[in-house]
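These notes concern the structure reproduced below.
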Protein chains: 2
Amino acid sequence: MTVMQQAYNVYEDRCPTRLVLDRLADKWALLILDRLEGGPVRFNHIRRDIKGISQKVLAQTLRKLERDGLISRTIFPTVPVTVEYALMPLGRTLTDTVSALAHWAETNMDAIFTAQRAYDEAHSV
Amino acid sequence: MTVMQQAYNVYEDRCPTRLVLDRLADKWALLILDRLEGGPVRFNHIRRDIKGISQKVLAQTLRKLERDGLISRTIFPTVPVTVEYALMPLGRTLTDTVSALAHWAETNMDAIFTAQRAYDEAHSV
DNA sequence: GCTAGATAGTTTCCAATAGATACCAAGGAG
DNA sequence: CTCCTTGGTATCTATTGGAAACTATCTAGC
């Protein structure tokens, strides 16, 4: 089923679906959602697991996902303070699709790299 | 099936799957792939359909998708010249997942906007 | 002939974003 | 007293994104 057959047209500017898709189409958000699938995780734990993400971007992305109601943020008054992030029911309905995208990437990366080499060779000469 | 159970770990920096996921996690790329599902489309046709995309970003994104082997670019020596973009078989294997993401966005956007209002109210006071 | 319009881009400039790094407060361990 | 942890924020710079103008080629209209 394509999007055009729906009540909303995702190709339209100002389409609310676009606002949601813009948010979802973010590599860090997808990786974080996938990482949370196994259960609640702390801030620095995510930071250490997802190599290459900066503290600033991790904090920003977690805030956005929390605002969207996809994940929850729970503070435990330990010393030092512990903050746990977990998937909300709404976020859980998304993880199948996110995993499917990650799985597609892994399955097809060799074909993509082959295509890239062919393209570069054809366009360098 | 989570990514962690695969041979590659998508959370690792330098993981080839991450390179592919980074490319896919782009709102314009996803919209273009979805738009091409119905058959070949010309440059300016895509530009007019996908409201808000600039010529520069459309050209860049199409080039990347072509380099990845997801879409084809065919030039017809008409006057003025016609350039048609179409899904390659590799790109076609991806459209189900892309459509699923767009469909999820549309189904759940009301829940997300409700969550956003609740978050903003709780954090503005 | 001159101008307008279509094709598919490239170029230029500025604003917004991403990344790296440093810093903060509150303690516990040594 | 100093270093380590927690979960961030502040600052600065590099990269990217978006808006607009410019390119080239040919057709149609006046």
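Letters go in sequence order (proteins before strands), and every chain restarts at 1.
- Partners of B/Gln60 under the side chain to side chain donor-acceptor pair (under 3.5 Å) rule, at least two apart in sequence or in another chain, do not exist in this structure.
- Remark: A/Arg73 is in phosphate contact with D/dG8, judged by side-chain N or O atoms under 4.0 Å from OP1 or OP2.
- For the residue pair A/Ser99 / A/Thr95, no side-chain donor-acceptor distance below 3.5 Å is found, with atom types taken as modelled.
- Residue pairs meeting the salt bridge (charged side-chain N to carboxylate O under 4.0 Å, His left out) criterion with at least one partner in residues 70-89 of chain A, sequence neighbours excluded, are absent.
- Between the CD1 atom of A/Ile46 and the C1' atom of D/dT6 there is a distance of 14 Å, given to the nearest Å.
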Fill in the blank from the handout: Under a 4.0 Å heavy-atom criterion, the protein footprint on nucleotides 11-25 of chain C, written with B, S and -, is BB-----BBB-B---
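- Contacts of B/Arg47 with the nucleic acid, taken as non-hydrogen atoms under 4.0 Å apart, are absent.
- Between B/Phe76 atom CZ and C/dA8 atom C1' there is a gap of 14 Å when expressed in whole angstrom units.
- Across all their heavy atoms, B/Phe43 and B/Leu58 have their closest contact at O-CD2, 3.7 Å.
- Distances were taken from every side-chain heavy atom of A/Ala59 (C-beta onward) to each of D/dT9, D/dT6, C/dG9; the shortest belongs to D/dT9.
- Straight-line distance from the CG atom of A/Leu58 to the C1' atom of D/dG7: 10 Å, rounded to whole Å.
- For A/Tyr11 (side chain) and B/Arg35 (main-chain N/O), a donor-acceptor pair under 3.5 Å exists by modelled atom type.
- The interatomic distance linking B/His45 (NE2) with C/dA6 (P) rounds to 15 Å, in whole Å.
- The separation between B/Glu84 atom CD and C/dT7 atom C1' is 14 Å, rounded to whole Å.
- Between the P atom of D/dG8 and the CZ atom of A/Arg42 lies a distance of 12 Å, rounded to the nearest Å.
- Nucleic acid contact class of B/Tyr85 (heavy atoms, under 4.0 Å, all strands): sugar-phosphate only.
- Between the CG atom in A/Leu65 and the CH2 atom in A/Trp28 there is a gap of 13.5 Å [rounded to 0.5 Å].
- Remark: C1' of C/dA8 and CZ of B/Phe43 are 6 Å apart, rounded to the nearest angstrom.
- The side chain of B/Asn44 has C/dA8 as its nearest neighbour among C/dA8, D/dT6, D/dG8.
- With D/dG7, C/dT7, D/dT5 as the choices, the nucleotide that has an atom nearest any side-chain atom of B/Arg48 turns out to be C/dT7.
- Atom-to-atom distance recorded for A/Arg63:CZ and A/Asp68:CG is 13.0 Å, nearest 0.5 angstrom.
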